[in-house]
Protein chains: 2
Amino acid sequence: MFYTVGEMAKLVGVAPSTLRYYDKEGLLPFVERSKGGIRVFKESDYEWLKVIECLKKTGMQLKDIRTFIFMAMEGDSTIGKRLELITNQRKAVLRRIDELQETLATLDFKKWYYETAKAHGTTEVPKNMPYEELPEEFREIRKRLRGI
Amino acid sequence: MFYTVGEMAKLVGVAPSTLRYYDKEGLLPFVERSKGGIRVFKESDYEWLKVIECLKKTGMQLKDIRTFIFMAMEGDSTIGKRLELITNQRKAVLRRIDELQETLATLDFKKWYYETAKAHGTTEVPKNMPYEELPEEFREIRKRLRGI
DNA sequence: TATTGACTTAAAGTCGGGTTTAAGTTGTAC
DNA sequence: GTACAACTTAAACCCGACTTTAAGTCAATA
């Protein structure tokens, strides 16, 4: 079965202009053309687009996804490099999750801060609450955030 | 103690141009000027910049940070709105962490996939590995990823 | 007072990831 | 054979978050 750019865009849930843009950026070297120059997407191209979607979700940049696609098209000789790329991306995602966990702790504190402020009608209450009265989970974080 | 834009930039670890940009975008309504028009940062402004840094880490956009700053400067009457903003941002961070956990699972699978491919010299081995031989933690994910 | 380094502004440039526009072409249906 | 929707391209535009540039000003030191 074959698809036009508009049909395939619907299948993968992006705008046709996005697929044309990816093509222009060299991310779709596998897409063929009709005699008239119109893009003809095959079933297997859908799988490639899923690969792109997956790598994009990891936060990978288009130029790196392009590199990955070219390596994958080259075959087994590039397995080592592909593994390296995936490993690096995995590390980047782990780091990002860590950062966000830190950030979440800060937001939890701020949420408590404003809930307490709201209950008392003033930020003075959470701001000046003595260390002993402060919920335990916020004692450390308030030190870090002093004045914030 | 007072600081110029360059000094304060060093203190908070950003480029002076960044602070000027934030000022232009209205994020620094608290910064005063000398008679000659030069920005004069106070100690307390450092705390505001730390607030901005913190909110930025949560992924909040500059225009929303600006809104937050203005509300915070207005005083206790805006506590409810600030709580709402923080709560929404907290939810956004939770969603983002969830997405990244999903993504991490995919990358773990791909890592195993290429490690196995590397060990055998071909992607055919992990690609066609029978369900029974597949490590348990990857059985579900391979179904979702079939062909990827 | 003159120099010098750091400041000022507006405007333009950069980057990533697209979207929109304009002018023209393809392919299908009648 | 003509109409029409959907395709083609290059180029321009958009967004957020800056950075860079250019031309000019301030303020501390010699």
Side-chain angles (χ1 to χ4, degrees), chain A residues 1-29 31-42 45 48-49 51-69 85 89 92-93 96 99 103, chain B residues 1-29 31-42 45 48-49 51-69 85 89 92-93 96 99 103:
Chain A
M1 206 49 182
F2 299 105
Y3 308 89
T4 66
V5 69
E7 288 159 356
M8 187 51 94
K10 226 169 218 172
L11 275 178
V12 297
V14 302
S17 62
T18 304
L19 291 186
R20 295 197 187 100
Y21 171 67
Y22 286 178
D23 196 8
K24 193 169 56 119
E25 295 299 304
L27 272 78
L28 316 182
V31 172
E32 306 196 32
R33 301 283 185 133
S34 74
K35 288 171 220 159
I38 287 186
R39 288 176 189 87
V40 178
F41 288 79
K42 307 175 291 295
D45 297 347
W48 280 114
L49 293 176
V51 175
I52 292 175
E53 184 192 4
C54 167
L55 294 179
K56 258 183 64 66
K57 269 197 207 154
T58 75
M60 195 183 285
Q61 300 208 130
L62 294 190
K63 64 167 161 23
D64 293 328
I65 295 179
R66 182 183 183 276
T67 303
F68 188 89
I69 299 263
L85 217 154
Q89 203 59 23
V93 169
R96 184 64 188 132
E99 271 176 38
T103 290
Chain B
M1 207 49 183
F2 299 105
Y3 307 90
T4 67
V5 70
E7 288 160 356
M8 187 52 91
K10 225 168 220 173
L11 275 178
V12 297
V14 301
S17 63
T18 304
L19 291 186
R20 293 196 188 101
Y21 170 68
Y22 286 177
D23 197 7
K24 191 168 60 120
E25 295 300 302
L27 272 79
L28 316 181
V31 174
E32 305 194 35
R33 302 283 185 131
S34 74
K35 287 169 221 164
I38 288 186
R39 288 176 189 85
V40 178
F41 288 79
K42 305 175 291 295
D45 297 346
W48 281 113
L49 293 176
V51 174
I52 292 175
E53 184 192 5
C54 168
L55 294 178
K56 259 184 66 64
K57 268 197 210 157
T58 75
M60 193 181 287
Q61 302 205 129
L62 292 190
K63 65 167 160 21
D64 293 329
I65 295 179
R66 182 181 182 277
T67 302
F68 188 89
I69 300 264
L85 217 154
Q89 202 58 26
V93 169
R96 185 61 188 136
E99 272 177 37
T103 290

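Sequence lines set the chain letters: A, B, ... in the order given, protein chains first and strands last, and positions in each chain run from 1. Since the model is a prediction, treat every value here as computed from it, not as a measurement.
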**Q.** CD1 on A:Ile69 to CG on A:Leu28, rounded to 0.5 Å
**A.** 7.5 Å
Q: List the steps and the verdict of side-chain contact (heavy atoms from CB on, under 4.5 Å) for A:Leu19 and A:Phe41.
A: CA-CA 11 Å; A:Leu19 291 186; A:Phe41 288 79; 4.1 Å; yes
**Q.** Atom-to-atom span, CG of A:Asp23 to P of C:dG18 - whole angstrom
**A.** 14 Å
(Q) Within this structure, what is the NZ-CD distance for the pair A:Lys10 and A:Glu7, rounded to the nearest 0.5 Å? (A) 9.0 Å
Q.
Under 4.0 Å, heavy atoms only, any strand: does B:Gln61 hit a base, just the sugar-phosphate, or nothing?
A. sugar-phosphate
Q: May I have the distance from B:Leu62 (atom CG) to D:dC18 (atom C1'), rounded to whole angstrom?
A: 9 Å
Q. Can you list the steps and then say if A:Asp45 with A:Lys42 is a salt bridge (charged side-chain N to carboxylate O under 4.0 Å, His left out)?
A. CA-CA 5 Å; A:Asp45 297 347; A:Lys42 307 175 291 295; 3.3 Å; yes
Q: Describe, as an angle rounded to 10 degrees, how the axis at the first end of the helix from C:dT1-D:dA30 to C:dC30-D:dG1 is tilted relative to the axis at the last end, five pairs per end.
A: 20°
Q. Closer to the 5' end of DNA chain C via nearest nucleotide, is it B:Thr4 or A:Lys24?
A. B:Thr4
Q.
Does A:Arg39 form a side-chain contact (heavy atoms from CB on, under 4.5 Å) with A:Asp23? I'd like the steps, not just the answer.
A. CA-CA 10 Å; A:Arg39 288 176 189 87; A:Asp23 196 8; 2.6 Å; yes
Q.
Without decimals, in angstroms, what is the distance between B:Met8 CE and C:dC7 C1'?
A. 16 Å
Q. If you measure from OH on B:Tyr22 to CG on B:Leu49, what distance do you get to the nearest 0.5 Å?
A. 9.0 Å
Q. Among D:dC18, C:dC7, C:dG16, which nucleotide sits nearest the side chain of A:Lys63?
A. C:dG16
(Q) Rounding to an integer number of Å, can you tell me how far A:Tyr22 OH sits from C:dG16 P? (A) 14 Å
(Q) Rounding to an integer number of Å, can you tell me how far A:Leu19 CG sits from D:dT9 P? (A) 13 Å
Q. From C:dA6, D:dT8, C:dG17, pick the nucleotide closest to the side chain of A:Arg33?
A. D:dT8
(Q) On a heavy-atom basis, which atom in A:Ala9 and which in A:Ala15 lie closest, and how many Å separate them? (A) CB-C, 3.9 Å
(Q) What's A:Ser17 touching, base or sugar-phosphate or nothing? Going by heavy atoms closer than 4.0 Å. (A) base
Pairs: protein N or O with nucleotides 23-30 of chain C N or O, under 3.5 Å:
{"from": "C:dG27", "atom 1": "OP1", "to": "A:Ser34", "atom 2": "OG", "distance (Å)": "2.9"}

Q) Expressed in angstrom and rounded to an integer, what is the separation of A:Glu53 atom CD from C:dG17 atom P? A) 16 Å
Q: Among D:dC18, D:dA6, C:dG18, find the nucleotide with the atom closest to the side chain of A:Tyr21.
A: C:dG18
Q. Under 4.0 Å: is that the gap between some side-chain N or O of B:Arg20 and OP1 or OP2 of C:dT9?
A. no
Q. Tell me: CD of A:Glu7 to P of D:dA6, nearest whole Å?
A. 10 Å
Q: Look at A:Arg66 and C:dG16 and indicate whether a side-chain polar atom (N or O) is within less than 4.0 Å of OP1 or OP2.
A: no
Q: Heavy atoms only: give me the nearest A:Val40-A:Arg33 pair and the separation to one decimal.
A: CG2-C, 4.1 Å
Q) Would one find a side-chain N or O of A:Thr18 under 4.0 angstrom from OP1 or OP2 of C:dG18? A) no
Q | Rounded distance in Å - CD1 (B:Ile65) to P (D:dC18) | A | 9 Å
Q. Roughly how far apart are B:Lys56 NZ and B:Gln61 CD, rounded to 0.5 Å?
A. 10.5 Å
Q | Side-chain donor/acceptor of A:Thr58 to backbone N/O of A:Cys54, under 3.5 Å | A | no
Q) Choosing from C:dG18, C:dT19, C:dA6, which nucleotide comes nearest the side chain of A:Lys56? A) C:dG18
(Q) Just N and O in the side chain of A:Arg39: are any of them under 4.0 Å from OP1 or OP2 of D:dC7? (A) no
